[in-house]
Amino acid sequence: MDERYDFQKLESKWQKRWEETRPYGSTTDPAKPKFYSLAMFPYPSGNLHMGHVRNYSIVDVIARFKRMQGFNVLHPMGWDSFGLPAENAAIKHQIHPSVWTWDNIANMRRQLKGMGISYDWDREVASCHPDYYKWTQWLFLEFYKHGLVYRKKAAVNWCPSCATVLANEQVVDGACERCDTPVTKKDLEQWFFKITDYAQILLDDLDKLTGWPEKVKIMQRNWIGRSEGVEARFQVEGTEDDITVYTTRPDTIFGVTYVVLAPEHPLVAKLTEGTSYEAEVKAFVDKMKGLNEISRTSTDTEKEGMLTGAYCVNPLNGEHVPIWIANYVLMEYGTGAVMGVPAHDERDFAFARKYGLKIQVVISPNDQQLNQHEMTNAYTEPGVMVNSGQFDGIDSKTAMVKIAEFIEKQGYGLRKVNFRLRDWLISRQRYWGAPIPMLYCEKCGVVPVPEKDLPVMLPTDVEFKPGGESPLKTSSTFVEAVCPCCGGKARRETDTMDTFVCSSWYFLRYCTPKSAEKAFERKDTDYWMSVDQYVGGVEHAILHLLYSRFFTKALRDFGYLNVDEPFTNLLTQGMVCMHGSKMSKSKGNVVSPEEIINKYGADTARLFILFAAPPEKDLEWSEQGVEGSYRFLHRVWRLIQHYQELITAADKKANSGAKNAVDNAALDDAARELRRITHLTIKRVTDDIATRFNFNTAISAIMELVNACYAYRDQANQNAQVVKEAVSTVVMLLAPFAPHITEELWEALGNTHSVHLAAWPSYDPAALKQDEITVVVQVNGKVRDRLTVPAGLEAKALEEQALKEPHIQPYLTGKQVVKVISVPGKLVNFVVK
RNA sequence: GCGGAUGUGGCGGAAUAGGCAGACGCGCACGUUUGAGGGGCGUGUGGGUAACACCGUGUGGGUUCAAGUCCCACCGUCCGCACCA
């Protein structure tokens with residue numbers, strides 16, 4: 001081996017070797033136990049950042065560890081390569097999105113290879129490649145066939161200056177991020193995925209996901225937002241119309257003193273038409289429509305409302321109550337109309353106080369009487385029903401059920417389950433996305449593109465201009481099409497799909513990356529799915545993870561999959577920070593992975609990032625810490641260098657017939673201790689990786705073993721076998737973390753096969769046994785002495801021996817021992833008075 | 001406001017089932033090697049004290065022979081969600 005640890009030479013040597021010998025290849029083989037490890041595939045922005053390095057290092061440790069444990073490991077990589085940045089680059093630099101994207105992919109692939117991640121590169125996919133988006137389109141059609149895709153008019157964020165729809169993320173403080181123009185709502189015909197059909201099952205099955213962080217499951221539960229309540233009809237006075245309100249508190253319905261409609265509610269115009277309220281109400285509605293959702297629906301926003309002049313009737317008590325409109329009622333949720341019960345709802349209370357509306361108490365706390373004039377807050381707790389006709393006197397929780405039943409029985413309304421989850425709007429007025437495979441024929445209407453015509457290719461004759469409309473509309477070769485039904489003229493859909501559609505099934509494509517016949521082959525997905533370990537940032541807790549679950553469940557229902565959850569175990573990694581905040585260009589605290597790798601090597605970069613914090617916690621970047629990892633690898637290098645001669649000599653002797661097995665009893669104390677630490681380290685590192693993902697403590701354990709190997713250098717009669725076992729163990733345990741240097745050292749130790757295909761070591765329990773151990777002697781819970789005793793010493797004997805210890809006598813003399821706790825192998829505690 | 005996470009030396013972090021707080025690393029100090037520097041090797045390093053005593057895991061209570069760990073009540077920081085009727 002080289003004198004010096006020349007990481008550059010050695011890392012490129014092994015990367016080249018891996019390219020040639022493909023030790024990380026994977027094939028479907030039902031005879032072998034499989035392990036599917038996956039990092040969320042990246043958007044090819046151009047360069048890896050530290051978050052990527054962390055993400056992929058974590059997954060690589062798991063993949064390499066499982067591979068050494070004998071699993072058939074699938075560890076693929078690909079590119080989430082459609083999306084807006086490519087289009088912006090096209091406009092800014094007049095470079096085609098495709099060119100920009102593929103250049104970025106090439107660069108990031110090079111950077112990834114420089115990290116030495118054990119990907120099966122034969123399975124690489126890119127969502128912007130026609131071979132991939134053909135199947136994204138096919139899936140769209142499958143969902144359409146099964147009634148899970150529909151088209152409707154929806155209000156979207158609209159920038160009047162750019163004449164385009166904006167994603168919510170592109171709306172900054174209510175204005176367009178590019179031109180600062182205030183964003184408005186616009187009604188547009190859009191394609192939707194009917195994810196709400198799966199709301200209940202997506203919610204229920206969260207309980208199955210025992211390998212997911214509780215935090216992510218809670219976020220999904222809240223996002224789905226199931227609530228049980230009642231829809232009740234209030235007749236509008238003097239008309240045939242009625243208003244259906246949704247409430248989760250039917251027990252408060254006798255306390256309704258007004259009803260509120262969302263400004264967008266279809267009845268608003270009708271109720272006020274031709275009345276003295278018309279002009280004012282219209283002005284209010286227009287004002288609300290001009291506001292974006294964020295400022296409109298913030299809790300901080302002052303509640304604003306206006307009387308419509310119309311009245312409606314509470315079906316339960318016949319009360320006539322005024323109809324208002326207000327900013328805080330949302331058309332998108334429930335029925336767009338709510339009943340106002342100021343006595344028992346905080347919002348209603350604030351609204352009623354502001355506009356001088358009546359407050360009617362219908363639930364009384366068990367121990368006091370509420371006075372509507374003296375209340376400073378709504379009373380939202382359960383209590384006893386009052387002023388509620390036949391329901392008076394019963395407790396409100398019971399009344400909740402009884403009133404709901406009564407409403408149904410009387411035909412006033414129905415019980416209803418509502419979800420906050422909305423259908424998924426997937427239309428984007430963009431170029432760089434998968435074209436939606438639909439046609440509009442004057443005669444036949446909306447017609448899906450036949451499967452044989454897929455993919456609908458993105459055209460190249462398009463222009464990228466700032467502020468223009470969707471570039472696809474400018475391509476006549478794209479827009480003009482033939483109707484597959486009647487052969488007549490048809491117009492092609494020019495919207496593309498949200499990139500989240502592409503990323504909702506990529507983990508399936510990895511199982512069958514090259515198939516020209518199918519999106520994925522059943523035999524492959526049956527074997528590889530579900531993903532055994534998925535790792536990514538918590539920012540995907542809702543959208544990507546929910547959409548992928550939806551896709552998996554739908555495809556299972558269509559009969560294409562035999563699993564109904566895509567990701568068995570999920571790890572959400574923490575952020576990479578510097579000076580206490582997340583590394584970001586805007587904060588100016590980014591460290592380039594490529595520079596670090598050039599300066600210290602990939603092994604050092606990986607080791608540091610895994611050592612500095614447990615994976616799910618935020619990590620504070622420290623160049624000094626990186627240097628520490630760098631030093632450690634040098635230290636390992638020199639350790640093997642130091643012992644190489646001893647080991648080689650012993651190997652020669654072994655080959656000439658000397659005995660090879662280690663007899664623990666025959667070892668001297670120092671050798672036995674080194675062997676004990678070796679096996680203890682195997683146990684600790686295996687546990688840390690397999691059950692806890694605590695790579696930081698796994699690495700510290702390896703460091704301790706290295707320190708022990710160093711300490712052994714001073715021994716007079718060194719046992720070559722024990723040394724060989726110790727340093728070989730160091731190399732094997734370190735292999736998942738630092739794959740290049742360990743490969744080199746493994747070779748130096750005389751091995752001819754890759755360390756990454758070596759069997760993960762197992763520990764010998766007999767080697768862990770100690771003859772003597774240290775126990776603690778306490779007096780009243782305070783440590784007063786330590787005692788070396790034979791390992792198996794029982795409680796009583798331990799107590800007797802401890803009692804004789806001279807060091808603790810001062811604490812016992814003149815006192816009375818009232819109690820003794822003796823825990824064998826741990827401690828003795830004398831309780832004295 | 002609601003939900004979640006989190007709080008331990010100068011710093012990153014350990015302590016896996018209630019049993020020696022501070023593993024491992026960084027930093028710092030000293031010694032040694034070297035012509036010097038760097039690097040290596042080694043020793044020390046929570047506060048406090050001459051040495052003990054003693055104090056120490058955000059704060060205040062509690063349970064226990066024993067609490068970073070369990071219970072109760074607070075406080076700070078970070079991250080989600082945010083008028084969902």
In whole angstrom, give me the gap between the [atom1] atoms of [N] and [M].
| N | M | atom1 | answer |
| --- | --- | --- | --- |
| G48(B) | G56(B) | C1' | 10 Å |
| U8(B) | U57(B) | C1' | 4 Å |
| C20(B) | G12(B) | P | 24 Å |
| G76(B) | A66(B) | C1' | 29 Å |
| C41(B) | G25(B) | P | 11 Å |

Round to a whole Å and report the spacing from [atom1] of [X] to [atom2] of [N].
| X | N | atom1 | atom2 | result |
| --- | --- | --- | --- | --- |
| L639(A) | C41(B) | CG | P | 10 Å |
| F632(A) | G13(B) | CZ | P | 20 Å |
| Y630(A) | C26(B) | OH | C1' | 17 Å |
| M288(A) | C83(B) | CE | P | 14 Å |
| L610(A) | G13(B) | CG | C1' | 15 Å |
| I218(A) | C81(B) | CD1 | P | 14 Å |

Classify [X] by what it touches in the nucleic acid, base, sugar-phosphate, or nothing, heavy-atom distance under 4.0 Å.
| X | result |
| --- | --- |
| N696(A) | sugar-phosphate |
| G628(A) | sugar-phosphate |
| R713(A) | sugar-phosphate |
| S227(A) | sugar-phosphate |
| R4(A) | nothing |
| D618(A) | sugar-phosphate |
| V831(A) | sugar-phosphate |
| Y710(A) | sugar-phosphate |
| E346(A) | nothing |
| S622(A) | nothing |

**Asked** Choosing from A14(B), G27(B), G25(B), which nucleotide comes nearest the side chain of Q624(A)?
**Response**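 It is G27(B).
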Within the pair [X] and [N], is there a side-chain N or O less than 4.0 Å away from OP1 or OP2?
| X | N | answer |
| --- | --- | --- |
| R635(A) | C41(B) | yes |
| Y333(A) | A85(B) | yes |
| R631(A) | C26(B) | yes |
| K215(A) | A5(B) | no |
| N707(A) | G25(B) | yes |

**Point-to-point distance, once rounded to the nearest 0.5 Å, from CG of L202(A) to CG of L545(A)** =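 One gets 11.5 Å once the value is rounded to the nearest 0.5 Å.
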**Prompt:** In Watson-Crick or G-U wobble terms, both distances under 3.5 Å, what is the partner of A67(B)?
**Reply:**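 For A67(B), the partner nucleotide comes out as none, under the 3.5 Å rule.
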**Prompt:** Taking atom types as modelled and ignoring hydrogens, do the side chains of D348(A) and Y328(A) form a donor-acceptor contact shorter than 3.5 angstrom?
**Reply:**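 The criterion, which ignores hydrogens and geometry beyond distance, is satisfied for Y328(A) and D348(A).
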